[in-house]
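The structure appears below as structure tokens.
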Amino acid sequence: MPELPEVEVIRRALVARVVGYEIVEARVSEPRLTRRRGRPADLARAVVGRRVEALRRRGKFLVFVLGEESLIVRLGMTGQLLWWDTRERFQPDGHTHAYLGFAQGGMLSYRDVRKFGEMFLLPTQALDATLRVGVEPLESAFTVAALRSICRESRARIKSLLLNQRKIAGIGNIYADEALFRAGVRPMRRATSLRPEEIGLLWRGIRAVLRSGIRHRGSSISDYRDPAGQPGNFGALHRVYHRHGTPCRICGTVIKRTVLGQRGTHYCPSCQR
DNA sequence: ATATGCACCTGTGTGC
DNA sequence: TGCACACAGGTGCATA
């Protein structure tokens, strides 16, 4: 579900609520959440008494900096972080697998129907080395030249490359399809086959769709909600994603759907070459 | 290195 | 109505 724009919307909504506050209570009730490292009870015990110093995002990871260690949350397909102003208002359901209680009385709960998400602690110093994610596409290090060199050294199809978190961090299935549409490039093209002008258009497309996704508070196809429980509005602005069988907004050609790398892939056969 | 298939989960929509 | 099947914003592993 959540790609870079959705995670960033969540981060911005939570910053003022959690940064500077101590975690006074924690519970993790689903063992799958900590499957990669540690046990639920140990994680809960480790965060109580810590103050949130900063809330960051790295690709699709949300990072609660707690001092020497950081709590990392990855939302998988259906993970949600929901904010409750008081303990009395907190309403967990059968899909709520964890929660944190803060010193000012607010609660943050983790809800995840499919349980693909995870949370774990890492030393704050070693985040980048351990998470092993590539360049942040909205930061200054992501230049046209950087994208050009990423494309030059990969024989993969361009969409698969965009989805590879170790190359560029945070792009998922929606924003990959939308960025390629804006660039006029077919998803199945080899990365090495992109001409310089196409790489420039793709760079602009990636940045434009991610920024627009954030501005419109994310894409809510079915599950995504912000911490207040509100859906995003970017879905109505999609030009190809989930629009197969309907006319292209630019040229009227029927949008196609195919499968590439096991993922549904949407494109305009006329606008994208 | 790249692609494919499958696994992990639960829910929803579709067609017969 | 029931049932089987496809599909879903993600990722990791085993295998060609």
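Throughout, a chain's letter reflects where its sequence line sits, starting with A, and its residues are numbered from 1.
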Verify whether one side chain among A:T78 and A:D112 offers a donor that lies under 3.5 Å from an acceptor in the other.
yes
Residue that, paired with A:S219, satisfies side-chain hydrogen bond (donor to acceptor under 3.5 Å, both in side chains) out of A:E3, A:H238, A:H242
A:H238
Side chain A:R207, main chain A:P137, donor-acceptor under 3.5 Å
yes
A:H238 NE2 to C:dA8 C1', straight-line distance once rounded to whole Å
14 Å
Which part of the nucleic acid does A:E6 contact within heavy-atom distance under 4.0 Å: base, sugar-phosphate only, or nothing?
nothing
Does A:S154 place a side-chain N or O at less than 4.0 Å from the phosphate oxygens OP1/OP2 of B:dT2?
yes
With a 4.0 Å cutoff (strictly under), does any side-chain N or O of A:H95 reach OP1 or OP2 of B:dG11?
yes
Along DNA chain C (nearest heavy atom to each residue), the more 5'-positioned of A:R257 and A:R74:
A:R257
Same-atom distance (P) from B:dT4 to C:dC7, integer angstrom:
16 Å
Among B:dC9, B:dA3, C:dG10, which is the nearest nucleotide to the side chain of A:R263?
C:dG10
Does A:Q262 contact B:dG5 through a side-chain donor or acceptor facing the base, at a distance under 3.5 Å?
yes
Please confirm whether the shortest side-chain N or O distance from A:R190 to OP1 or OP2 of B:dA3 is below 4.0 Å.
yes
Does A:R111 place a side-chain N or O at less than 4.0 Å from the phosphate oxygens OP1/OP2 of B:dT10?
no
Quick one: is the NZ or CZ of A:R186 closer than 6.0 Å to the six-membered ring centre of A:Y267, and within 45° of its axis?
no
Looking at C:dG10, C:dG12, B:dG11, which one has an atom nearest to any side-chain atom of A:V113?
B:dG11
Classify the side chain of A:R114 versus the base of C:dA8 as yes if they form a donor-acceptor pair under 3.5 Å and no if they do not.
yes
Duplex segments of DNA chain B, taken as runs of at least three Watson-Crick or G-U pairs that stay under 3.5 Å
B:2-8 with C:10-16, B:10-16 with C:2-8
A:F90 and A:Y99: ring-ring contact (aromatic ring centres under 6.0 Å, His included), yes or no, with the steps?
CA-CA 10 Å; A:F90 174 46; A:Y99 60 80; 5.1 Å; yes
Proximity to the side chain of A:K60 - top-ranked nucleotide from C:dC7, B:dG5, C:dG10:
C:dG10
Report yes or no: is the ring centroid of A:F116 under 5.5 Å from the six-membered base ring centroid of B:dC8, with the two planes under 30 degrees?
yes
For A:D112, report the nucleic acid contact type (base, sugar-phosphate, nothing); a contact means any heavy atom under 4.0 Å.
nothing
Side chains of A:D177 and A:T265, heavy atoms from C-beta outward: is any pair under 4.5 Å?
yes
Are A:R243 and A:T246 close enough that a side-chain donor and a side-chain acceptor fall under 3.5 Å?
yes
Give one of base, sugar-phosphate or nothing for A:H242, where a contact means two heavy atoms less than 4.0 Å apart.
sugar-phosphate
Whole-Å distance between B:dA7 P and A:R36 CZ?
19 Å
Just checking A:S220: base, sugar-phosphate only, or nothing, at a heavy-atom cut-off of under 4.0 Å?
base
Does the ring-ring contact (aromatic ring centres under 6.0 Å, His included) test come out yes or no for A:F234 and A:Y175, once each step is laid out?
CA-CA 11 Å; A:F234 191 61; A:Y175 296 92; 5.7 Å; yes
So, is A:R157 near the phosphate of B:dT2, with a side-chain N or O under 4.0 Å from OP1 or OP2?
no
